Amino acid sequence: MRTFVELLIRYIHLIAAIVWFGGVVFSTLIAMPIVRQNLPAQDLLEIHNRFRHWIRLMINMLLLTGGIVIFIVAWNSNMELKSEYMIYSGAKFAAFGLMALFWGLYSSLYRRHLEAAQPDSKIDVPRHINVFGYLTLFSGLIVFALALLLRN
């Protein structure tokens, strides 16, 4: 039973990471650039707000399950964590924090830009907003690389 619970928590953590990062990739690189050309600002704002709620849920799930995973690793090693594991975990947590920060900035600036636009107008997003989306993706790749290092 204990193994099942451990695997379930790790599975939930992985699925939340894939949904968040995949959603950011899809939103930043595919959906918003294409949809922006065809939909007015009001519809874009509605889509963005729906997506934001899912992202918040995934961030909270990642934080909760990530903490539980660290506890599971410590429990399985009799509460003796290697310093290398703790360094990689701290770096992963810091990169995750940067990822969440960049996503928050991108989401807030993008939403504010959509709210300020005329409801029926087409949107041209300034470059400084898109930079935060790309920084989110870059820091997400760092998180995944550190996660792979933690697996060994």
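All of these numbers come straight from a predicted model, not from anything done at the bench.
Side-chain contact between Leu135 and Leu101 is absent, with no heavy-atom pair separated by less than 4.5 Å. Side-chain contact between Phe96 and Leu146 is absent, with no heavy-atom pair separated by less than 4.5 Å. Using a 4.5 Å cut-off on side-chain heavy atoms (C-beta onward), Arg50 and Glu46 make contact. Side-chain contact check for Phe102 versus Val131: every heavy-atom pair is 4.5 Å or farther apart. Side-chain atoms of Val24 and Ser27, non-hydrogen and from C-beta on, never get closer than 4.5 Å to each other. Counting heavy atoms from C-beta on, the side chains of Ile55 and Ser107 never come closer than 4.5 Å.
Heavy atoms only, all atoms of each residue included: Ser139 and Ala95 are closest at CB-O, 4.1 Å. Nearest heavy-atom pair, Leu150 versus Ser89, reported as atom, atom and distance to 0.1 Å: CD2-OG, 3.7 Å. Here the closest heavy-atom approach between residue Thr136 and residue Met99 is recorded as O-CG, 3.6 Å. Smallest separation of non-hydrogen atoms from Arg10 and Val69: CG-CG2, 4.0 Å.
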Should Tyr106 and Trp103 be marked as a ring-ring contact (aromatic ring centres under 6.0 Å, His included) after you check the CA-CA gap, both sets of side-chain angles, and the distance that decides it?
-> CA-CA 5 Å; Tyr106 172 75; Trp103 170 254; 5.4 Å; yes
With salt bridge (charged side-chain N to carboxylate O under 4.0 Å, His left out) as the test, would you mind laying out the steps for Arg2 and Glu6 before giving the verdict?
-> CA-CA 6 Å; Arg2 179 175 150 190; Glu6 289 177 14; 3.1 Å; yes
After noting the C-alpha distance and the side-chain angles of Leu57 and Val19, does the key distance pass the side-chain contact (heavy atoms from CB on, under 4.5 Å) rule?
-> CA-CA 10 Å; Leu57 177 66; Val19 168; over 6 Å; no
Can you list the steps and then say if Asn130 with Tyr110 is a side-chain contact (heavy atoms from CB on, under 4.5 Å)?
-> CA-CA 8 Å; Asn130 288 332; Tyr110 188 70; 5.6 Å; no
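Clustering ILVMFWY residues whenever any of their side-chain heavy atoms sit less than 4.5 angstrom apart, transitively, puts Leu141 in a cluster other than the one holding Ile18. By the rule that hydrophobic residues join a cluster once side-chain heavy atoms approach within less than 4.5 Å of another member, Leu109 and Tyr134 end up as members of one cluster.
Scored by the ring pair (Phe, Tyr, Trp, His ring centres under 6.0 Å) test, Tyr88 finds no partners at all (sequence neighbours excluded).
Tested against Tyr11, the residues Ile9, Ile15, Leu7 include a single side-chain contact (heavy atoms from CB on, under 4.5 Å) partner, Ile15. Of the listed residues (Leu8, Leu64, Leu62), just one forms a side-chain contact (heavy atoms from CB on, under 4.5 Å) with His13, and that residue is Leu62.
Environment of CZ in Phe93: sparse, with no more than 12 heavy atoms of neighbouring residues, nucleotides or ligands closer than 6.0 Å.
Between the side chains of Asn49 and Arg52, at least one donor N or O sits under 3.5 Å from an acceptor N or O.
Relative to the ring axis of Trp20, Arg56 does not place its NZ or CZ within 45° and under 6.0 Å from the centre.
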